[in-house]
Novice: 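One structure follows; several queries about it will come next.
Any value given below was found using the heavy atoms of this structure, including those in side chains, with hydrogens, waters and symmetry copies removed. It should be emphasised that the depicted structure is a prediction, and the values quoted were computed from it without experimental measurement. Residues: numbered from 1 along the sequence shown.
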Amino acid sequence: MKSVFFGAVSAAALIASAVHAEPQAEVLHWWTSGGEAKSVAVLQEEFASKGGTWTDMPVAGGGGDAAMTALRARVLSGNAPTAVQLKGPAIQEWYEEGVLADISSVAEAQGWADVLPASIAGHMKCEGTWCAAPVNVHRVDWIWANADVLEANGIEMPTTWDEFNAAAEKLAAAGVIPLAHGGQAWQDATVFEAVALGILGPDGFRKAFVDLDMDTLKSDEMKAVFDQMRTMRGYVDENFSGRDWNLATAMVMNGEAAFQIMGDWAKGEFMAAGKVPGEDFLCASVPGDGFLYNVDSFAMFTVDGDDKKAGQDLLAELIVGQNFQKVFNLNKGSIPARIDVPLDEFDSCAHLSAKDMSESSDNGSLLPSYAHGMALRGAQSGAITDVVTAHFNSDMSSDEAVNMLADAVANSM
Ligand code: BGC
């Protein structure tokens with residue numbers, strides 16, 4: 001009797017302590033630029049207002065490569081962070097390692113399946129369970145421009161790559177840096193995939209970077225993509241090597257450079273600096289059809305302690321919450337992942353993004369970004385990026401580049 005009695009008490013006590021555990025979360029992310037920091041602060045504030053204690057683990061480095069290295073070290077040492085900015089197939093890769101927590105109870109209680117598009121929900125699932133919470137939809141295939149610089153030089157936003165090149169030549173002759181770029185592998189890959197979408201078209205892009213079709217990887221069209229990269233290498237300034245993406249955005253802001261090809265986290269930088277779309281800066285999708293999406297999300301890692309588990313549940317709930325999805329994305333430059341967040345407070349670039357995303361979803365040209373880890377597993381996307389960056393930083397011919405690309409992909413499988 002006695003042991004049954006004590007057993008019952010301790011179970012009740014356990015439940016009580018789980019219910020009253022104060023939510024704790026150590027959060028690993030790579031949002032350290034001006035616009036990014038403003039955005040993640042929205043989550044920190046909402047978490048604190050619900051009684052949570054947030055331990056920040058920012059790992060600087062655009063695109064998240066450094067953050068992913070830090071994550072691996074933490075998990076290998078048996079000390080995973082509570083919540084991690086993680087996206088695309090990397091979510092399933094970590095799930096297969098057996099280290100992700102199941103957040104299905106929150107997802108089901110909050111009805112995520114009803115408010116997320118199926119294409120996004122698919123990325124958040126691991127063998128039928130919910131294993132990540134989506135924050136936004138970033139579009140990758142954008143050109144940003146300084147409005148005054150274009151006007152002063154009599155240039156319209158380019159609608160073909162030939163127009164882009166003609167504009168760049170004119171700007172260079174006028175002493176303006178045509179293309180603001182940071183020579184880091186992930187930024188080279190970002191420009192490359194935007195050019196590839198334009199030149200290969202949505203079907204060709206899918207064959208190359210989703211299906212890894214060898215004929216497409218070695219095709220004349222892919223050679224044309226590398227040709228255009230070689231041309232664009234001539235439009236960046238000589239100090240581009242190693243430059244952070246947000247410093248490249250600043251060059252467009254201050255008129256030193258005319259264009260940047262970058263995802264709409266760049267818009268977060270313009271907005272954080274008080275710049276107005278349509279007046280100070282312009283946005284347009286890169287020449288060609290299609291939409292490259294990049295969905296940020298958070299995955300929860302298996303941790304001990306009711307306080308951390310309470311933190312994971314609270315974070316998951318807040319992240320997909322309607323208010324957070326609005327305020328965060330107003331700052332971040334992206335659009336909400338939820339389909340039921342009104343966009344009336346969003347700017348014209350966000351409206352264009354939402355319209356193009358819906359049209360491209362209907363006509364089959366909504367595509368995952370390879371450069372931002374949405375299309376391929378790490379080994380394959382890494383193999384492609386190695387070739388892209390080796391080509392951009394040397395005098396390698398387009399013929400050599402496509403052969404190297406096909407070999408690298410074949411060897412990564
Ligand atoms: C992320 C964005 C981030 C950008 C630059 C992308 O991969 O999805 O959220 O702002 O990298 O760091």
Novice: Within the side chain of Asp141, is there an N or O that forms a donor-acceptor pair under 3.5 Å with the backbone of Val286?
Specialist: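 Side chain of Asp141 to backbone of Val286: no pair is present.
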Novice: Just checking, is any N or O donor in the side chain of Trp112 or Gln110 under 3.5 Å from an acceptor N or O on the other one?
Specialist: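 Looking only at side-chain atoms, Gln110 and Trp112 do not form any donor-acceptor pair under 3.5 Å.
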Novice: Nearest heavy-atom pair of Asn153 and Leu171: which atoms, and what distance?
Specialist: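 Shortest heavy-atom separation between Asn153 and Leu171 comes out as ND2-CD2, 3.8 Å.
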Novice: Output yes when a side-chain donor or acceptor of Glu26 lies under 3.5 Å from a complementary backbone atom of Lys308, and no otherwise.
Specialist: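 No, the answer is negative, given that no donor and acceptor are paired below the 3.5 Å cut-off.
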Novice: Please report the shortest heavy-atom distance between Ile143 and Pro158, naming the atom on each side.
Specialist: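 Between these two residues, the closest heavy atoms are CD1-CG, 4.3 Å.
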Novice: For Asp340, does the CG atom have more than 12 heavy-atom neighbours from other residues, nucleotides or ligands under 6.0 Å away?
Specialist: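 Counting neighbours around CG of Asp340, more than 12 heavy atoms of other residues, nucleotides or ligands fall under 6.0 Å, so yes.
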Novice: Should the ring pair His181 and Phe392 be called parallel, tilted or perpendicular, given that the plane angle runs from 0 to 90° and is split at 30 and 60?
Specialist: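 Rings of His181 and Phe392: perpendicular, as their planes differ by over 60°.
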Novice: Below 4.5 Å, heavy atoms only, C-beta onward: do Phe259 and Val252 meet side chain to side chain?
Specialist: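 They are not in side-chain contact.
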Novice: Under a 3.5 Å distance rule, please check whether Gln92 uses its side chain to pair with a backbone N or O of His123 as donor and acceptor.
Specialist: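 At least one qualifying donor-acceptor pair exists.
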Novice: Test Phe281 against every option in Lys267, Met253, Gln260 by the side chain to side chain contact (heavy atoms under 4.5 Å, CB included) rule and name the one that passes.
Specialist: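 It is Lys267; the other options fail the test.
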Novice: Would you say Gln187's side chain and Gly183's backbone share a donor-acceptor pair under 3.5 angstrom?
Specialist: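 Not at all, since once roles are kept as given, no pair shorter than 3.5 Å links the two residues.
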Novice: For the pair Tyr370 and Phe209, name the ring-plane relationship: parallel under 30°, tilted 30 to 60°, perpendicular over 60°.
Specialist: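 Ring orientation of Tyr370 relative to Phe209: parallel.
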Novice: Step by step, would you call Trp245 with Thr190 a side-chain contact (heavy atoms from CB on, under 4.5 Å)?
Specialist: CA-CA 11 Å; Trp245 67 273; Thr190 301; over 6 Å; no
Novice: Between the main-chain N or O of Met357 and the side-chain N or O of Ser360, is there a donor-acceptor pair closer than 3.5 Å?
Specialist: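 Present.
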Novice: Using atom types as modelled and distance alone, determine if a side-chain donor or acceptor of Asn329 lies under 3.5 Å from a backbone N or O of Val135.
Specialist: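 Yes, the answer is positive, given that a donor and an acceptor are paired below the 3.5 Å cut-off.
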Novice: Quick one: does Trp186's side chain have a donor or acceptor within less than 3.5 Å of a partner on Gly62's backbone?
Specialist: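 Such a contact is found between Trp186 side chain and Gly62 backbone.
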Novice: Taking atom types as modelled and ignoring hydrogens, do the side chains of Asp264 and Ser334 form a donor-acceptor contact shorter than 3.5 angstrom?
Specialist: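 Checked: Asp264/Ser334 side chains show no N/O donor-acceptor pair below 3.5 Å.
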Novice: Look at atom CE of Met157 and say whether more than 12 heavy atoms of other residues, nucleotides or ligands are closer to it than 6.0 Å.
Specialist: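 More than 12 heavy atoms, drawn from other residues, nucleotides or ligands, come within 6.0 Å of this atom.
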Novice: How about Asn323 and Glu46: does a side-chain donor come under 3.5 Å of a side-chain acceptor?
Specialist: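 Side-chain D/A pair, Asn323 to Glu46: present.
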Novice: For Glu359 and Phe291, what are the C-alpha separation, side-chain angles and deciding distance, and is it a side-chain contact (heavy atoms from CB on, under 4.5 Å)?
Specialist: CA-CA 9 Å; Glu359 283 175 12; Phe291 185 112; over 6 Å; no
Novice: I need the minimum non-hydrogen distance between Asn246 and Ser33, along with the two atoms involved.
Specialist: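 Looking at all heavy atoms of both residues, the shortest contact is ND2-CB, 3.8 Å.
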Novice: Looking only at non-hydrogen atoms, find the nearest pair between Ala316 and Met300 and report the distance.
Specialist: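 Smallest interatomic distance, heavy atoms only, reads N-CE, 4.1 Å.
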Novice: Counting C-beta onward and ignoring hydrogens, is there a side-chain heavy-atom pair between Lys218 and Leu405 closer than 4.5 Å?
Specialist: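 SC-SC contact between Lys218 and Leu405 ruled out.
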Novice: Just by distance, no angles: are the side chains of Asn146 and Glu256 close enough, under 3.5 Å, to form a donor-acceptor pair?
Specialist: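 Per modelled atom types, Asn146 and Glu256 side chains form no pair under 3.5 Å.
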Novice: Give the minimum heavy-atom separation between Ser285 and Asp356, together with the two atoms involved.
Specialist: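 Distance-wise, the nearest heavy atoms are OG-OD2, 4.5 Å.
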Novice: Is it true that Ser397 and Asp399 share a donor-acceptor pair across their side chains at a distance under 3.5 Å?
Specialist: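 No - no donor-acceptor pair under 3.5 Å links their side chains.
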Novice: So do His372 and Glu193 actually touch side chain to side chain, heavy atoms under 4.5 Å?
Specialist: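 With C-beta onward as the side chain, the pair touches.
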Novice: With no hydrogens and no angle check, is any side-chain donor or acceptor of Thr389 less than 3.5 Å from a backbone partner on Thr385?
Specialist: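 Here the side-chain-to-backbone pair does not exist.
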Novice: Please report the shortest heavy-atom distance between Pro277 and Met271, naming the atom on each side.
Specialist: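 Distance-wise, the nearest heavy atoms are CD-SD, 3.9 Å.
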Novice: Would you please name every residue forming a salt bridge (charged side-chain N to carboxylate O under 4.0 Å, His left out) with Asp220, sequence neighbours left out?
Specialist: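 With sequence neighbours excluded, Asp220 shows a salt bridge (charged side-chain N to carboxylate O under 4.0 Å, His left out) to Lys223, given in chain and number order.
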Novice: Check whether any side-chain heavy atom of His138 sits under 4.5 Å from a side-chain heavy atom of Tyr293, and report yes or no.
Specialist: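 No; the side chains remain at least 4.5 Å from each other.
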Novice: Tell me if the CD atom of Gln322 is crowded by more than 12 foreign heavy atoms within 6.0 Å.
Specialist: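 Above 12, so yes.
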Novice: Are there over 12 heavy-atom neighbours, none belonging to Asp203, within less than 6.0 Å of that residue's CG?
Specialist: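 Not buried by this count: 12 neighbours or fewer within 6.0 Å.
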Novice: Has the side chain of Asp347 got a donor or acceptor atom that lies under 3.5 Å from a matching backbone atom of Cys349?
Specialist: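 Judged by distance alone, yes, a pair lies under 3.5 Å.
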Novice: Are the side chains of His391 and Arg230 in touch, meaning some heavy atoms are under 4.5 Å apart?
Specialist: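 Of all side-chain heavy-atom pairs linking Arg230 with His391, at least one is under 4.5 Å.
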Novice: Under 3.5 Å, is there a donor-acceptor pair linking the side chains of Gln24 and Thr82?
Specialist: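 Per modelled atom types, Gln24 and Thr82 side chains form no pair under 3.5 Å.
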Novice: What I'd like to find out is whether the side chain of Gln85 reaches to under 4.5 Å of the side chain of Val40, using heavy atoms alone.
Specialist: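 No, too far: nothing below the 4.5 Å cut-off.
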Novice: Can you confirm whether Glu127 is buried at CD, in the sense that more than 12 heavy atoms of other residues, nucleotides or ligands lie under 6.0 Å from that atom?
Specialist: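 No, CD of Glu127 has 12 or fewer neighbouring heavy atoms, counting only those of other groups under 6.0 Å.
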Novice: Verify the neighbour count for atom CG of Asp362: are there more than 12 heavy atoms of other residues, nucleotides or ligands below 6.0 Å?
Specialist: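 Yes, the 6.0 Å shell around CG holds more than 12 heavy atoms from other groups.
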Novice: Are Ile177 and Phe240 close enough that some pair of their side-chain heavy atoms sits under 4.5 Å apart?
Specialist: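 In short, these two side chains do not touch, never coming nearer than 4.5 Å.
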Novice: Assess the side chains of Asp102 and Ser104: does a donor N or O sit below 3.5 Å from an acceptor N or O?
Specialist: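 Yes, because at least one side-chain N or O of Asp102 sits under 3.5 Å from a partner of the opposite role on Ser104.
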Novice: Is the ring centre of Tyr235 less than 6.0 Å from the ring centre of Trp161?
Specialist: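 Between Trp161 and Tyr235, which both carry aromatic rings, the centre distance is not below 6.0 Å.
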Novice: Is any side-chain heavy atom of Leu376 closer than 4.5 Å to one of Ile384?
Specialist: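 A side-chain contact under 4.5 Å exists here.
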Novice: Is a salt bridge present between Glu221 and Lys207, judged by a nitrogen-to-oxygen distance below 4.0 Å?
Specialist: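 Judged by the 4.0 Å cut-off on N to carboxylate O distance, Glu221 and Lys207 do not form a salt bridge.
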Novice: Show, in sequence, the C-alpha distance, side-chain angles and deciding distance for Gln228 and Asn165, and conclude whether the side-chain contact (heavy atoms from CB on, under 4.5 Å) test is met.
Specialist: CA-CA 9 Å; Gln228 177 64 17; Asn165 295 344; 2.9 Å; yes
Novice: Determine whether a donor-acceptor pair (N or O, by modelled atom type, separation under 3.5 Å) exists between the side chain of Ser412 and the backbone of Val409.
Specialist: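 Present.
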